[in-house]
Asker: 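Take this structure, written in structure tokens, and hold onto it; I'll ask about it next.
In what follows, chains carry the letters A, B, and so on, assigned in the order in which the sequence lines appear, proteins first and then strands, with residues in each chain numbered from 1.
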Number of protein chains: 2
Amino acid sequence: MGYMTSGSVSAMPDEPMSAAEEDFVRTLGRVMTALPRAVDHDMARSGRLPLSEYTTLMHLSEADGRTLRMSELAAAVNLSLSGMTRIVQRLEGRGLVRRAKCDEDGRGWNAVLTDAGLAALEESWPVHLASVRRHVLDHVADEDLTRLIDVLRRIASAG
Amino acid sequence: MGYMTSGSVSAMPDEPMSAAEEDFVRTLGRVMTALPRAVDHDMARSGRLPLSEYTTLMHLSEADGRTLRMSELAAAVNLSLSGMTRIVQRLEGRGLVRRAKCDEDGRGWNAVLTDAGLAALEESWPVHLASVRRHVLDHVADEDLTRLIDVLRRIASAG
DNA sequence: TCGCTGTATTTGCTGCGTCAAGCAATCACT
DNA sequence: AGTGATTGCTTGACGCAGCAAATACAGCGA
């Protein structure tokens with residue numbers, strides 16, 4: 001069990017949180033609302049891609065043939081299918097992404113990163129990196145990183 | 001300095017992240033989008049207050065005289081003034097909150113938690129607690145809590 | 001081939017949050 | 001007191017994201 005041995009697992013289901021737990025949850029809430037806004041703000045300030053578009057293009061750039069099915073893309077960015085549809089529509093309108101019918105499955109659509117899209121991504125990259133460094137990485141010690149990743153991963157995959 | 005000594009502070013501003021940093025940032029992003037949705041979903045599923053309203057009422061319930069100025073409330077919940085205006089309007093419409101002109105400053109308005117509001121809050125409390133436990137606290141060991149709080153607090157207050 | 005069921009994606013509707021503008025009341029200075 | 005600047009909050013217009021209903025296609029059995 002390991003990480004479960006110190007009483008943090010739903011002892012009495014209705015027992016209130018400890019002071020530390022309370023503090024943790026509230027601070028996490030604060031981070032969750034404030035941080036994306038802060039990074040997004042930095043991007044907008046410098047005329048770069050908003051976070052949702054940046055992340056979308058980033059995942060495309062990492063994919064084989066710069067291509068991903070809509071559903072894969074949505075899952076990667078962790079967005080609803082419909083949300084992804086609209087983002088890709090926006091990006092397509094600006095020529096950063098192209099759409100192509102899927103060969104193996106006529107129902108499917110691929111989003112393909114264009115050269116212009118790659119350029120926009122590369123242009124936004126330094127701003128994004130600097131923002132993330134300033135808001136996040138500068139506050140985390142390297143020794144803590146792996147442990148934190150571990151915790152976050154468990155939270156992320158709790159469904 | 002302490003936590004800053006291990007190279008995590010913007011070494012060369014344009015240098016890419018390390019693998020661990022990358023991993024951390026992506027997983028954090030995943031948590032930030034998935035977690036509020038998951039908790040909100042739990043609340044909706046059981047017919048309880050949505051997260052934004054729950055948090056608003058919670059802060060009111062903790063305040064002196066169950067009363068807070070609009071601006072204080074917005075700051076506590078970490079929301080824009082206008083967003084808070086609308087939430088309080090909704091809550092007022094359902095009788096969970098009452099509004100009163102501020103005594104010391106005629107421009108100001110107070111939001112006051114009503115008995116019905118307190119009841120709704122208490123009714124939602126167990127569901128919220130259970131959801132938070134299941135999605136968050138069950139995955140964090142007590143020993144890690146203080147360290148995590150420390151990191152999150154620095155991130156939260158980075159502006 | 002004709003349907004029928006299931007899957008991939010899009011569209012309609014709605015809620016929520018932001019920014020910009022507006023209104024009201026207070027404050028600072030004369 | 002009187003005028004102008006500032007503060008506290010609300011309103012209007014807008015954009016983004018989610019859910020649920022609609023559409024398009026696949027694949028299988030009669």
Asker: To the nearest 0.5 Å, tell me how far Ile149(B) CD1 sits from Thr27(A) OG1.
Answerer: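 Result: 6.0 Å between the selected atoms.
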Asker: Please tell me which of the listed nucleotides, dT6(D), dC9(D), dG17(C), lies nearest to the side chain of Arg107(B)?
Answerer: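 Looking only at heavy atoms from C-beta outward on Arg107(B), the closest nucleotide is dT6(D).
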Asker: Just how far, in rounded Å, is P of dG8(D) from CG of Leu68(B)?
Answerer: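 Between P of dG8(D) and CG of Leu68(B): 14 Å.
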Asker: From C-beta outward on Ser71(A), which listed nucleotide comes closest to its side chain: dT7(C), dT9(C), dA17(D)?
Answerer: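 For Ser71(A), the side-chain atoms sit closest to dT9(C).
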Asker: I'd like to know if Asp23(B) and Arg153(A) make a salt bridge, using a cut-off of under 4.0 Å between side-chain N and carboxylate O.
Answerer: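 Salt bridge present between Asp23(B) and Arg153(A).
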Asker: Ile87(B) has an atom CD1; how far is it from atom C1' of dG15(C), in whole Å?
Answerer: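 Those two atoms, CD1 and C1', are 11 Å apart.
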Asker: Salt bridge check, Arg133(A) against Glu22(B): does any charged N sit closer than 4.0 Å to a carboxylate O?
Answerer: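 Here Glu22(B) does not pair with Arg133(A) in a salt bridge, since their nearest N and O are not under 4.0 Å apart.
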Asker: So which of Leu137(B), Asp144(B), Thr146(B) actually passes side-chain contact (heavy atoms from CB on, under 4.5 Å) with Phe24(A)?
Answerer: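 Of the listed options, the one satisfying the test is Leu137(B).
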Asker: Find which nucleotide of DNA chain D each of Met84(B) and Met84(A) is nearest to by heavy atoms, and output the residue with the more 5' nucleotide.
Answerer: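 Taking each residue's closest nucleotide, the earlier one in sequence belongs to Met84(B).
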Asker: Among dC25(D), dC9(D), dG18(D), find the nucleotide with the atom closest to the side chain of Leu79(A).
Answerer: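 Nearest to the side-chain atoms of Leu79(A), counting from C-beta on, is dG18(D).
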Asker: Contact class for Arg86(A) (heavy atom, under 4.0 Å): base, sugar-phosphate, or nothing?
Answerer: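 Answer is base: heavy atoms of Arg86(A) come under 4.0 Å of a base.
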Asker: Between atom CD in Gln89(B) and atom C1' in dG17(C), what is the gap in whole Å?
Answerer: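 It works out to 14 Å between those atoms.
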Asker: Nearest whole Å is fine: how far is dT7(D) P from Glu72(B) CD?
Answerer: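 Interatomic distance, CD of Glu72(B) to P of dT7(D): 17 Å.
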Asker: Round to the nearest Å and state the distance from Glu104(B) atom CD to dC9(D) atom P.
Answerer: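 To the nearest whole Å, that distance equals 11 Å.
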Asker: Measure the distance from CG on Leu81(B) to P on dC16(C) and round it to the nearest whole Å.
Answerer: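 Leu81(B) atom CG is separated from dC16(C) atom P by 18 Å.
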Asker: What contact category does Gly83(B) fall into here, base, sugar-phosphate, or nothing, at under 4.0 angstrom with non-hydrogen atoms?
Answerer: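 Base contact.
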Asker: Grab the N/O contacts between the protein and nucleotides 20-22 of chain C below 3.5 Å, and write none if there aren't any.
Answerer:
none

Asker: With no hydrogens and no angle check, do the side chains of Asn110(B) and Thr67(B) hold a donor and an acceptor under 3.5 Å apart?
Answerer: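 Result is no, nothing qualifies.
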Asker: So does Asp42(B) pair up with Arg48(B), basic N to acidic O under 4.0 Å?
Answerer: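 No, no charged N to carboxylate O under 4.0 Å.
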Asker: Given that Asp105(B) and Ser52(A) both sit by DNA chain D, which one's nearest nucleotide is further toward the 5' end?
Answerer: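 Checking each residue's closest nucleotide, the 5'-ward one belongs to Asp105(B).
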Asker: Any carboxylate oxygen within less than 4.0 angstrom of a Lys/Arg side-chain nitrogen, looking at Glu92(A) and Arg86(A)?
Answerer: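 Salt bridge flag = no for Arg86(A) with Glu92(A).
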Asker: Quickly work out the Leu49(A) CG to dG15(D) P distance and round it to whole Å.
Answerer: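 Answer to the nearest Å: 18 Å.
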Asker: His41(A) or Lys101(B): which one's nearest nucleotide on DNA chain C is closer to the 5' end?
Answerer: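 The residue closer to the strand's 5' end, by nearest nucleotide, is His41(A).
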Asker: Please state whether the base of dT9(C) and the side chain of Arg69(A) form at least one donor-acceptor pair under 3.5 Å?
Answerer: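 When only heavy-atom distances are counted, Arg69(A) does not reach the base of dT9(C) through any donor-acceptor pair under 3.5 Å.
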Asker: In terms of side-chain geometry, is the basic nitrogen of Asp115(B) or Arg66(B) positioned less than 4.0 Å from the acidic oxygen of its partner?
Answerer: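 Salt bridge flag = yes for Arg66(B) with Asp115(B).
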Asker: Which one, dA13(D), dA8(C), dT9(C), comes nearest to the side chain of Met70(A)?
Answerer: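 The listed nucleotide nearest to Met70(A)'s side chain is dT9(C).
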Asker: Give the nucleotide from the list dT9(C), dC16(D), dT7(C) with an atom nearest to the side chain of Arg90(A).
Answerer: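 Of the options given, the side chain of Arg90(A) lies nearest dC16(D).
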Asker: Give the rounded distance in Å between these two atoms: CG of Asn78(B) and C1' of dT18(C).
Answerer: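 In whole Å, dT18(C) C1' lies 14 Å from Asn78(B) CG.
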